[in-house]
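Have a look at the structure below before the remarks.
Not measured: the values here are computed from a predicted model.
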Amino acid sequence: MRRTMACLLALAAAGTLRMAAADEPASTLSPTISPTLSPTLSPVEQRIVAAVRAHSPQALELLRQSVLINSGTNNLQGVRTVGQLFRTQFDALGFQTRWIDMPPEMKRAGHLLATRTGAPGNDKAKGKRLLLLGHLDTVFEPGDAAPLWSPQGSDSSARIRGQGVSDMKGGDVIVIEALRALQQAGALDGTTISVMFTGDEEEAGHPHAVSRGDMVELAKRSDVALSFEGSLLDKDGLATATVGRRATAGFTLKVSGKQGHSMGVTARILDAFRQQVVEPGLTFNPGLIVGGTEAGLDAGEIRGTAAGKTNVIANTVIVKSDLRYLDYAQRDRAQARMRAIVVQNLAGAGASIAFEDSYPPMAVTPGNLKMLEAYSRASRDAGLGPIGMVPPEARGAGDIQFVAPLLDSLDGLGANGRGMHSPEEDLDPVSIERGAIRAALLIYRLTH
């Protein structure tokens, strides 16, 4: 935690950190960005930018085609169909592509993988090895009331509502358009780039060791990971990126004892957690509480059953809660304090707590901050303004967390929209071109 805060303070002192307020909406209307610096692009970089802009209408058409295909996580055929649509794009760019199936019992569609490798020892092999991440699935299952594709006006810059337009088919298209521009500028030769579009990011298949095993192996052969989840705007309307995400974990608290004791013990424990387990970025949320003279959970531990009488005080209580933390040191401190509170039982009552991890943390590291600085510089050089940083506690779980412990990482390079995961999800279409320009320049600089 000390290193995390030191990194944040150092960046703030350097004047490159723009903190978005945690209570700000996920995104706001796209601003008109005036260049703050004169473009300082090389001739190759100017060709890259020109290629992105020339292909912008086709990019939006590709996005439209993908969004018109429902690809809710549980719509396995829909996920595969979107994957095939994007696979043809990578094939045309000279990538080697394949579909990675998941075991049938996992009930997940699988992942799209596209790779190109600079020959080892060849003087044409260039720069850093990159891992680019996206996902094909959305939270919208077949029959959902959210529109598939609905422009909110006739102007080309009118916002577009649709299923997954910003989370994250827009980000997938940005990846493809950035790589297309690099190819047209002759800047892909000799590069080592792996692209994985997962089919179950919104609800990762279990066990994670299987559903994310291929991704982790790719990370071990890469130097930098870039993820194209939606780009958020800060309170001043400027773009941001993500250098840290909190871990997604949880705990199960069980209290039992003489009738009349367990409910009081449970309330005491949860209130002690609230008052004593307090650090910036650390939260817990008891989302399921079941109590009675008899109480239990279903096999998935998302529903409970209880029995009791109004004149008998419950003697069994089960609490299921999430636990979000910034890094493993913070997790260890929180768990130790919680265990100490739980063992302080009242006479006649017993309590136990068990912890489980899900998504690992994407800790704020010097390497991640360096990637943010490089991304911001590319954006400024293109005349698109600086890139700020989203506070780690403001972002939920994402695929990049499975690889961030292994290599320098940056997330939030995707499209800008509002209302993600809701029927109101929309997209600022101009953000596709902006995102592709920024990503293409960053990829070019990292790989050369």
Side-chain angles (χ1 to χ4, degrees), residues 27 30 48-49 51-71 78-93 95 97 111-114 130 132-138 140 148-151 156-184 188 193-199 201-202 226-232 239 241 382 384 398-399 411-418 420 425-443:
S27 54
S30 172
I48 291 170
V49 172
V52 170
R53 288 176 173 157
H55 207 257
S56 286
Q58 294 90 335
L60 286 177
E61 174 57 21
L62 176 62
L63 176 60
R64 187 187 71 86
Q65 292 177 29
S66 70
V67 172
L68 287 175
I69 304 167
N70 176 278
S71 59
V79 173
R80 294 188 185 104
T81 302
V82 175
Q84 182 57 38
L85 174 66
F86 289 149
R87 183 175 185 174
T88 60
Q89 303 294 317
F90 288 113
D91 288 337
L93 295 175
F95 281 73
T97 63
H111 315 312
L112 173 63
L113 175 63
L130 303 188
L132 311 182
L133 299 176
H135 65 84
L136 305 166
D137 65 319
T138 75
F140 305 100
L148 284 170
W149 179 267
S150 178
S156 61
S157 62
R159 300 186 75 90
I160 300 167
R161 287 179 60 200
Q163 298 183 10
V165 285
S166 54
D167 185 19
M168 67 168 294
K169 292 177 180 178
D172 297 337
V173 169
I174 285 174
V175 172
I176 292 169
E177 293 305 310
L179 295 174
R180 191 193 315 278
L182 289 165
Q183 184 213 41
Q184 291 178 359
L188 278 184
I193 300 174
S194 300
V195 184
M196 176 171 277
F197 288 175
T198 58
E201 191 276 342
E202 298 296 356
L226 304 176
S227 181
F228 289 78
E229 290 282 5
S231 170
L232 309 183
L384 298 176
D399 271 342
D411 199 355
L413 279 66
N416 174 249
R418 302 174 298 196
M420 296 179 190
E425 180 171 330
D426 77 355
L427 167 78
D428 172 11
V430 180
S431 69
I432 300 295
E433 179 181 294
R434 288 198 304 259
I437 289 172
R438 290 169 174 144
L441 292 177
L442 178 64
I443 292 169

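- The backbone N or O of T97 lies less than 3.5 Å from a partner atom in the side chain of R87, making a donor-acceptor pair.
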From CA spacing to verdict: side chain to side chain contact (heavy atoms under 4.5 Å, CB included), L148, F140: CA-CA 9 Å; L148 284 170; F140 305 100; over 6 Å; no
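- Between I69 atom CD1 and K169 atom NZ the span is 6.5 Å, to the nearest 0.5 Å.
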Verdict with reasoning, L179 to V195, per side chain to side chain contact (heavy atoms under 4.5 Å, CB included): CA-CA 10 Å; L179 295 174; V195 184; 4.1 Å; yes
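- Judged purely by atom type and a 3.5 angstrom limit, T138 has no side-chain atom pairing as donor or acceptor with the backbone of G164.
- Side-chain contact check for I443 versus L132: some heavy-atom pair is nearer than 4.5 Å.
- The two atoms that bring Q163 and V67 nearest to each other are O-CG1, 3.5 Å, heavy atoms only.
- Although no hydrogens or angles enter the test, the distance criterion places a donor-acceptor pair under 3.5 Å between the side chain of H111 and the main chain of G199.
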D172/F228 under side chain to side chain contact (heavy atoms under 4.5 Å, CB included): CA gap, chis, key distance, verdict: CA-CA 7 Å; D172 297 337; F228 289 78; 5.8 Å; no
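- A donor-acceptor pair under 3.5 Å links the side-chain atoms of R438 to the main chain of L384, judged by distance alone.
- Side-chain atoms of S71 never come within 3.5 Å of backbone atoms of G78 as a donor-acceptor pair (strictly under, hydrogens ignored).
- To the nearest 0.5 Å, the span separating CD1 on I432 from CG on L427 amounts to 5.0 Å.
- Counting only heavy atoms from C-beta outward, the side chains of L182 and L93 never approach each other to under 4.5 Å.
- Put simply, the side chain of D137 gets close to the backbone of E202: a donor and an acceptor are under 3.5 Å apart.
- To the nearest 0.5 Å, atoms CZ (R161) and OG (S166) are separated by 12.0 Å.
- L112 is listed as a side-chain neighbour of F90, based on a closest heavy-atom distance under 4.5 Å.
- Across all non-hydrogen atoms, the minimal contact from A51 to Q184 is CB-OE1, 3.3 Å.
- In this structure the side chain of L62 reaches within 4.5 angstrom of the side chain of L85, judged on heavy atoms.
- To the nearest 0.5 Å, atoms CE (M168) and NE2 (H135) are separated by 5.0 Å.
- Distance check: F95 CZ to Q183 CD gives 8.5 Å after rounding to the nearest 0.5 Å.
- In this model, a donor atom of one side chain and an acceptor atom of the other lie less than 3.5 Å apart for S56 and E433.
- Across all their heavy atoms, R53 and P57 have their closest contact at O-CD, 4.3 Å.
- For the atom pair CG of L133 and CG of D399, the computed distance is 6.5 Å after rounding to the nearest 0.5 Å.
- A donor-acceptor distance shorter than 3.5 angstrom exists from the side chain of E425 to the backbone of D167, with no hydrogens or angles considered.
- Closest non-hydrogen pair, A415 versus I174, comes out as N-CD1, 3.6 Å.
- Heavy-atom minimum distance, G170 versus L63: N-CD1, 3.6 Å.
- Counting only heavy atoms from C-beta outward, the side chains of L68 and R64 approach each other to under 4.5 Å.
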Intermediate values then yes/no, side chain to side chain contact (heavy atoms under 4.5 Å, CB included), V175 and L226: CA-CA 10 Å; V175 172; L226 304 176; over 6 Å; no
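- V52 approaches A436 most closely through the heavy-atom pair CG1-CB, 3.7 Å.
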